[in-house]
Amino acid sequence: MVELTKKRMSKTVFGYMFSMLFVSMALALFLPVTALYLADDVHASKFQIGMFFTVQGLFTIILSQFVARYSDIYGGRKPIIIWGSICGALTCLVFTQTRNYSLILLTGAFIYSMAQIGSQLFASAREYCIYSGRNVYTFTSILRVFFALAWVIGPPAALYTVGVYGFNFVYYANIAVYALVITAVVTLLPNTSQFRKEDAGEIKKIRLFSEPSVAFLCLTTVCVFVCNNMYLITMPQYVTKELDFPIRFVGIFVAAAAAMEMPIMVISSQLARRISMKYIILFGLGCGVVFGALVPVASTVGGFIAIQIVNALFIGIYTTLGMLYFQELMPKIPGQSTTLFTSSIAIGSIAAGGISGIIAESLGYVFVFYTNIIVSLLGFISMSLVRKI
């Protein structure tokens, strides 16, 4: 194995933090503006916009799991991260050059699906931590903070830029972000395949759902992100149409929750060194039940901002410890375990769109939040059946 000097280790730590910030920034710049881009510049229908995100999400789930298995068996996460960044940049370039919906759909489905590299970066960081003797929980939570920080900065910056300079400027800026990721990965990140002890034959025999706990943890993750995305889809319409809040407060509510999540991520990872992760996650899921009950009764701007701390506990705890739980259940296949976590998030996100639309249309916005109480309870029950770590 290659020995790492302290100087090299400090550069590597910086490289992971820098790469995670800008991998997340690429998503934070791309996703919030793309629905508007499809509607305003491509003139896509509501159905076509929904189809774009559904197809893209399904291809991401399928392709990322194949890539994760390959990376666990044969190593080479660094080239995969570089290739994914290139695919992200190519997608943005295509979006600047055409307004043809069919071409954009094909690009989003096939090319952009390969640009989802966050799981590989987290898996690489875990392998580096184990080799270098760093605490996996602490380092993962720090990387999660950088991931969340991009979502505090990125969406407001992207939406402002669209208003001033147009969509093409945002996509060109995103190409520059991917270039920064590639530079950091090439120059600062280690080839973690050197750190592995298991051979390819041993890893090939491992199956994702070798124990029931994995399936229950997947169900818990789906429930959490059904709730999160139903809230994010419904809340802007609810607060502007039923509570008559100015639209600018929608961004404030989202940013407030994201900012509160960052210290919660660090604190929860430190607590996990002393308390079972399962109990901390169950507390977070309980907060999800409480948040679903609080949203319909928060009728003022101040009240809505105040309840974001409960939302932050719900999402901040699970996004940090949920991924670690997957990795701890399947420690020899960090790529597949981390990708299974993100795939479960994607399934929850896809399901949330259809469920929230049906409920809001037939019963009203407030019943979406009541549904979140039930789904959070289902997640709590499912998590209680997961093996304790």
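None of these values were measured; they are calculated from a predicted model.
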Plane angle bin for Phe95 and Tyr37 - parallel if under 30°, tilted between 30 and 60°, otherwise perpendicular: parallel
Whether Gln65 side chain and Gln336 backbone form a donor-acceptor pair below 3.5 Å: yes
Just verifying a value: how many Å separate Thr342 OG1 and Phe225 CZ, rounded to the nearest 0.5 Å? 10.0 Å
Relative to the ring of Tyr70, is the ring of Tyr74 parallel (under 30°), tilted (30 to 60°) or perpendicular (over 60°)? tilted
Would a 4.5 Å heavy-atom cut-off, applied to side chains only, mark Phe245 and Val250 as touching? no
Can you see whether Phe147 has Arg144 sitting over its ring - NZ or CZ less than 6.0 Å from the centre and within 45° of the normal? yes
Measure the OG1-CG distance between Thr96 and Asp41 for me, rounded to the nearest 0.5 Å. 11.5 Å
Can you check whether Met20's main-chain N or O pairs, donor with acceptor, with Ser24's side chain at less than 3.5 Å? no
Under a 4.5 Å cut-off applied to non-hydrogen side-chain atoms, are Tyr16 and Pro190 in contact? yes
Closest non-hydrogen contact found for Gln120 with Ala68 is NE2-CA, 3.6 Å
Do the two ring centres, one from Tyr370 and one from Phe367, sit under 6.0 Å apart? yes
Keeping Arg274 on the side-chain end and Gln270 on the backbone end, is there a donor-acceptor pair under 3.5 Å? yes
When you check the gap from the basic side-chain N to the acidic O, do Arg126 and Glu328 get nearer than 4.0 Å? yes
Any chance you could measure Ile280, atom CD1, to Ser269, atom OG, to the nearest 0.5 Å? 9.0 Å
Examine distances only and state if a side-chain atom of Ser85 and a backbone atom of Val181 form a donor-acceptor pair shorter than 3.5 Å. no
So how far is it from Asn135 CG to Arg273 CZ, rounded to the nearest 0.5 Å? 4.0 Å
Taking all non-hydrogen atoms of both residues, which atom of Ile117 and which atom of Gly84 are closest, and how far apart? CG2-CA, 3.6 Å
Are more than 12 heavy atoms from other residues, nucleotides or ligands located less than 6.0 Å from atom CZ of Phe209? yes
State the CE-CD1 distance between Met114 and Ile80, to the nearest 0.5 angstrom. 12.0 Å
Between Arg77 and Ser124 the two heavy atoms that sit nearest each other are CD-N, 3.7 Å
According to a hydrophobic-cluster definition based on side-chain heavy atoms being under 4.5 Å apart (Ile, Leu, Val, Met, Phe, Trp, Tyr only), do Val94 and Phe169 belong together? no
N/O donor-acceptor pair under 3.5 Å between Lys278 side chain and Val386 backbone: yes
Phe22 vs Phe18 aromatic rings, parallel, tilted or perpendicular, using cut-offs 30° and 60°? tilted
Indicate the atoms forming the closest heavy-atom contact of Gly353 with Ile233, along with that distance. CA-CD1, 3.8 Å
Salt bridge check: are Arg99 and Asp40 linked by an N-O gap of less than 4.0 Å? no
Do Arg134 and Tyr128 have side chains that get closer than 4.5 Å, going by heavy atoms? yes
Is it the case that more than 12 heavy atoms not belonging to Met17 sit under 6.0 Å from its CE atom? yes
Extract all donor-acceptor atom pairs below 3.5 Å that involve side chains of residues 290-308 and protein atoms in other chains or at least two apart in sequence.
| unit_1 | atom_1 | unit_2 | atom_2 | d |
| --- | --- | --- | --- | --- |
| Thr300 | OG1 | Gly303 | N | 3.0 |
| Gln308 | OE1 | Asn311 | ND2 | 3.3 |
| Gln308 | NE2 | Tyr231 | OH | 3.1 |
| Gln308 | NE2 | Phe304 | O | 3.0 |

Same apolar cluster: Leu106 and Ile111, side chain cutoff 4.5 Å: yes
Mark yes or no for whether Lys78, through its side chain, and Leu189, through its backbone, hold a donor-acceptor pair below 3.5 Å. yes
From CA spacing to verdict: side-chain contact (heavy atoms from CB on, under 4.5 Å), Gln327, Ser337: CA-CA 5 Å; Gln327 292 176 341; Ser337 59; 3.8 Å; yes
ILVMFWY network linking Phe14 to Phe139, side-chain heavy atoms under 4.5 angstrom: yes
In terms of hydrophobic clusters joined by side-chain contacts under 4.5 Å, are Phe249 and Tyr160 together? no
Does Ser141 offer a backbone N or O that forms a donor-acceptor pair with the side chain of Thr320 under 3.5 Å? no
Could you tell me whether the side chain of Thr338 and the main chain of Gly335 form a donor-acceptor pair under 3.5 Å? no
Approximate separation, where rounding is to 0.5 Å, of Tyr325 OH and Ile281 CD1: 6.5 Å
Which donor-acceptor pairs under 3.5 Å do the side chains of residues 372-383 make with protein atoms, sequence neighbours left out?
| unit_1 | atom_1 | unit_2 | atom_2 | d |
| --- | --- | --- | --- | --- |
| Asn372 | ND2 | Cys227 | O | 3.2 |
| Ser376 | OG | Asn372 | O | 2.8 |
| Ser382 | OG | Phe216 | O | 2.6 |
| Ser382 | OG | Thr220 | OG1 | 3.2 |

If hydrophobic residues (ILVMFWY) are linked whenever their side-chain heavy atoms come closer than 4.5 Å, directly or via other members, who joins Ile175 in its cluster? Leu93, Tyr172
For the backbone of Gln48 and the side chain of Tyr101, can you confirm whether one donor and one acceptor N or O come within less than 3.5 Å of each other? yes
Using the rule that two of Ile, Leu, Val, Met, Phe, Trp, Tyr join whenever any of their side-chain heavy atoms come within less than 4.5 Å, decide whether Ile153 and Val164 are in one cluster. no
For residues Val33 and Ala158, report the shortest heavy-atom separation together with the two atoms involved. CG1-CB, 3.6 Å
For Met235 and Phe253, the nearest pair of non-hydrogen atoms, with its separation, is SD-CD1, 3.9 Å
Derivation and outcome, ring-ring contact (aromatic ring centres under 6.0 Å, His included), residues Phe30 and Tyr112: CA-CA 11 Å; Phe30 182 89; Tyr112 194 68; 4.2 Å; yes
Is there side-chain contact between Leu363 and Val368, with heavy atoms separated by less than 4.5 Å? no
Check against side-chain contact (heavy atoms from CB on, under 4.5 Å), Leu27 and Trp151: CA-CA 8 Å; Leu27 290 171; Trp151 282 89; 3.9 Å; yes
